[in-house]
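Proteins get letters first, then strands, A, B, ... in listed order; numbering begins at 1 in each.
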Amino acid sequence: MEQGGFGSDSGTPPGPIDKSKVLDVKPLRCLVPVFPTPNGMTSTNPQPSPFVCVPPSGPFPPGVSPFYPFLSPNDSGRSAENQEGFGFGTPISPVPLNSFRTPTANGDAGPRRPGRPRSAANGLATDDDDSQHSDHFGSGYSNDVEDTSTGKKRGRPRKSRLSQSDNAAAHPLEVDMDPLLNQLLASFKLAEVDQVKKADGDKELAGRILLVYDLFRRRMTQIEERRGETPGAARRPDLKGANLLMTRGARTNQTKRIGNVPGVEVGDIFFFRMELCLVGLHAPSMAGIDYMSVRLTGDEEPIAVSIVSSGGYDDEGDDGEVLIYTGQGGVQRRDGQMFDQKLERGNLALEKSVHRRNEVRVIRGVVDVQNGGRGKVYIYDGLYRVQESWAEKSKLGNCSIFRYKLLRVPGQPEAFTLWKSLQQWRDGTATRVGVILPDLTSGAESQPVCLVNDVDDEKGPAYFTYIPSLKYSKPFMKSNPSMGCQCLGGCQPGGSCSCVQKNGGYLPFNSIGVLMSYKTLVHECGSACSCPPNCRNRTTQAGPKVRVEVFKTKNRGWGLRSWDPIRGGGFVCEYAGEVIDESRVGEFGNDGDDDYIFDATRMYEPLEATRDYNDESKKAPYPLVISAKKGGNVARFMNHSCSPNVYWQLVVREINNETYYHVAFFAIRHIPPMQELTFDYGMVPPDKADRRRKKCLCGSLNCRGYFY
DNA sequence: GATGGATCAACTGT
DNA sequence: CACAGTTGATCCAT
């Protein structure tokens with residue numbers, strides 16, 4: 001099938017394609033020409049960034065920006081070094097192009113964005129708040145900006161008629177209220193997203209935008225939940241967060257393009273349409289077809305650049321290499337009445353793409369089963385070509401609809417087909433190669449953990465006992481007898497739950513076990529609480545919710561990965577093992593076998609930007625060292641990476657008036673299935689640097705070169 | 001022709 | 001399930 005990919009193109013007589021024509025391509029309303037990759041295909045790696053070798057502490061050559069996701073906003077040393085290249089130091093002249101939204105940094109001075117309805121709802125998110133927020137960025141973060149007195153030249157009158165209504169006053173944007181949100185914004189250093197990067201991004205920027213968006217959205221959701229009773233039930237943190245970032249220019253790849261988008265890889269996953277928007281993978285916030293205008297010979301015509309297939313119409317995409325896509329329109333949104341689709345907009349663009357044979361990005365939306373069927377997961381399935389199109393009568397309503405047959409460009413990494421394979425493995429309808437053990441936990445976890453090796457003939461890791469939780473020889477401390485909560489039906493946000501109070505007034509997890517904001521310490525419910533075991537404030541007590549497997553990596557021994565997609569903030573697992581004295585770490589190190597040690601006393605990349613400072617307890621309460629050599633759970637197989645996708649969070653539980661600390665792992669960002677799970681092992685303090693270094697093989701751009 | 005405001009369509013999301 | 005709520009395209013007046 002793979003090799004035959006080209007042959008199967010035979011539906012349309014190919015004929016010689018004049019590629020020079022395809023080169024004369026420009027996006028709608030944009031003065032910067034955009035060129036597709038030459039020859040248009042085989043570009044799994046479209047914009048290889050030059051390899052640059054930099055020490056982690058700098059100095060950095062221009063254009064290289066180190067990315068510390070949780071960098072403290074007041075880490076002035078580093079940012080000062082870094083100012084050379086861009087950001088504040090090199091202001092980009094504000095070219096009033098329509099295609100770039102000029103961030104209204106100084107209130108109404110800048111030209112207004114085109115095409116935006118200036119309704120009351122929009123005013124809420126953008127207008128009045130704008131001046132305040134840009135002040136935060138311009139002068140650095142300060143929590144007590146009460147901007148009412150400063151040069152707010154514009155005042156009220158700008159908002160004419162209906163604006164100024166209830167909304168804006170009744171619900172000021174949460175950023176103003178919440179220090180953590182403010183902190184997130186400040187740490188993001190939005191000034192660094194200049195016009196160039198906004199137009200064309202890279203991996204670093206796309207990752208940063210998605211990260212901040214998700215942190216933002218999670219925190220806003222948490223605030224919404226606490227507010228309770230969800231007025232109108234239609235508070236949309238997903239939209240609000242995106243709006244906030246967009247109006248500040250925190251977006252990328254805004255110029256439309258044919259083919260892959262820098263910073264997004266085939267197989268990447270998303271959980272909101274706005275995420276596709278923010279990184280330029282698919283611009284429309286709702287519509288399924290994105291297109292742009294290109295010039296062929298004198299005339300301009302629209303061609304499709306990306307589509308989202310997520311079940312709204314009667315698409316057929318089961319094959320994984322072929323997609324039958326239905327055109328847009330033909331249904332009245334209000335009453336669901338149907339009529340004929342018209343050959344306009346996206347439909348016309350797809351039709352033109354049949355003849356143009358350009359690559360079209362395909363995003364497949366599937367229902368998010370882990371979220372109880374609410375919401376979707378969007379998988380970037382790479383590039384397709386529209387092979388043919390036709391019109392037919394819809395089953396419902398007997399109206400004419402357009403259909404488009406798309407074929408996946410060969411040679412791309414597996415994406416949607418992988419999801420299908422995974423489903424078959426779950427069902428048992430397909431056998432897996434390289435399975436050594438179907439469940440290495442022997443039933444100790446609620447889900448089996450597969451042991452696989454499809455790279456060599458090693459039969460498994462060294463012997464160990466599988467234990468699902470952490471073993472203490474003695475409690476960390478006796479705590480004062482404290483009352484547990486009385487939440488018989490499980491703890492809920494907004495109520496008077498005493499455990500919520502311990503967490504600074506917020507419930508740390510949402511209903512599907514996603515950590516809503518990082519904290520110094522998360523207080524979970526304990527033995528004195530009345531809530532049931534499935535209480536969301538016991539998220540880390542029930543073992544992994546995602547189906548993980550232990551697998552042999554190519555060059556780093558055994559590793560851990562997940563069959564299920566994991567959301568940013570999603571719970572992965574706890575670190576199980578035996579709590580040991582810090583002084584005993586050396587014993588393990590001496591025989592060169594400290595591979596299975598978790599050491600919370602090491603130094604870690606700062607989490608400051610994401611940590612909730614409302615929290616009372618600000619410093620790590622206790623040194624915690626865990627050995628999983630003799631016994632442990634899946635966490636012992638997690639490898640180190642200098643740009644990890646998993647972060648650990650200290651969790652405390654009280655059992656019979658004794659306090660126990662635990663280490664729980666959460667996804668930093670969305671993790672597609674089968675991507676190795678890694679965390680940062682941290683750095684050994686200088687006075688203990690006698691421990692053996694190991695060469696780091698994580699291969700990330702900002703790799704430190706070694707770890708302990 | 002350019003500009004900007006108003007309106008519209010759209011496989012959202014709770 | 002009803003409905004608030006986005007963005008970008010398009011229409012229209014200037």
Would you mind checking if [Y] and [X] are paired as a salt bridge, meaning a charged N to carboxylate O distance below 4.0 Å?
X	Y	value
A:Lys197	A:Asp194	no
A:Asp564	A:Arg426	yes
A:Arg408	A:Asp381	yes

Categorize [X] for me: base, sugar-phosphate, or nothing, with a 4.0 angstrom heavy-atom threshold over every strand shown.
X	answer
A:Gly329	sugar-phosphate
A:Gly375	nothing
A:Asp315	base

How close or far is atom [atom2] of [N] from atom [atom1] of [X], stated in whole angstroms?
X	N	atom1	atom2	result
A:Ile307	B:dC11	CD1	C1'	11 Å
A:Leu244	C:dG5	CG	C1'	16 Å
A:Glu225	B:dG13	CD	P	18 Å
A:Ile363	B:dC11	CD1	P	14 Å
A:Tyr213	C:dT6	OH	C1'	11 Å
A:Ile324	B:dC11	CD1	P	18 Å
A:Arg236	B:dG13	CZ	C1'	4 Å
A:Lys240	C:dT6	NZ	C1'	13 Å

N/O (side chain, [X]) to phosphate O (OP1/OP2, [N]) under 4.0 Å:
X	N	value
A:Lys376	B:dT12	yes
A:Tyr378	B:dG13	yes
A:Ser285	B:dA10	no

Would you say NZ of A:Lys342 has more than 12 non-hydrogen atoms from neighbouring residues, nucleotides or ligands within 6.0 angstrom?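 Check fails, neighbour count at 12 or below.
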Side chain of [X] only, please: which of [options] is the nearest?
X	options	result
A:Asn243	C:dT10, C:dT7, B:dG13	C:dT7
A:Ala283	C:dG8, C:dA9, B:dT12	C:dG8
A:Gln328	C:dA9, B:dA10, B:dT14	B:dA10
A:Lys256	C:dA9, B:dC11, C:dG5	C:dA9
A:Tyr313	B:dC11, C:dT6, B:dG13	B:dC11
A:Arg251	C:dG8, C:dA9, B:dA10	C:dG8

Is any side-chain heavy atom of A:Arg536 closer than 4.5 Å to one of A:Gln492?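 A side-chain contact exists here, since the closest heavy-atom pair is under 4.5 Å.
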Does any part of the side chain of A:Ile289, heavy atoms only, come nearer than 4.5 Å to the side chain of A:Tyr325, both counted from C-beta?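 Heavy-atom side-chain distance check passes, below 4.5 Å.
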Answer with yes or no whether the side chains of A:Trp390 and A:Glu392 bring together a donor and an acceptor at under 3.5 Å.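 There is such a pair (donor and acceptor under 3.5 Å, judged by atom type) between the side chains of A:Glu392 and A:Trp390.
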Reading DNA chain B from 5' onward, which residue's closest nucleotide shows up sooner: A:Tyr325 or A:Arg217?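 Result: A:Tyr325.
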In residues 272-281 of chain A, which residues come under 4.0 Å of DNA chain B by heavy atom?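 A:Phe272, A:Arg273 - these, ordered by number, are the residues of the stretch whose heavy atoms sit under 4.0 Å from the strand.
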Within 45° cone of A:Tyr313 ring axis and under 6.0 Å: A:Arg403 NZ or CZ: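 Cation-pi check for A:Arg403 and A:Tyr313: fails.
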Short question: side chain of A:Arg273, backbone of A:Met286 - any donor-acceptor pair under 3.5 Å?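 Yes, because the side chain of A:Arg273 sits within donor-acceptor range (under 3.5 Å) of the backbone of A:Met286.
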Can A:Lys256 and A:Asp290 be said to form a salt bridge (Lys or Arg N to Asp or Glu O under 4.0 Å), step by step? CA-CA 9 Å; A:Lys256 295 201 174 179; A:Asp290 194 9; 2.5 Å; yes
Once Watson-Crick and G-U wobble pairs under 3.5 Å are found, how is DNA chain C written in dot-bracket notation, 5' to 3', with | for any base paired to another strand? .|||.|||||||||
Relative to the ring of A:Phe666, is the ring of A:Phe571 parallel (under 30°), tilted (30 to 60°) or perpendicular (over 60°)?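 Judged by the thresholds at 30° and 60°, the geometry between A:Phe571 and A:Phe666 is tilted.
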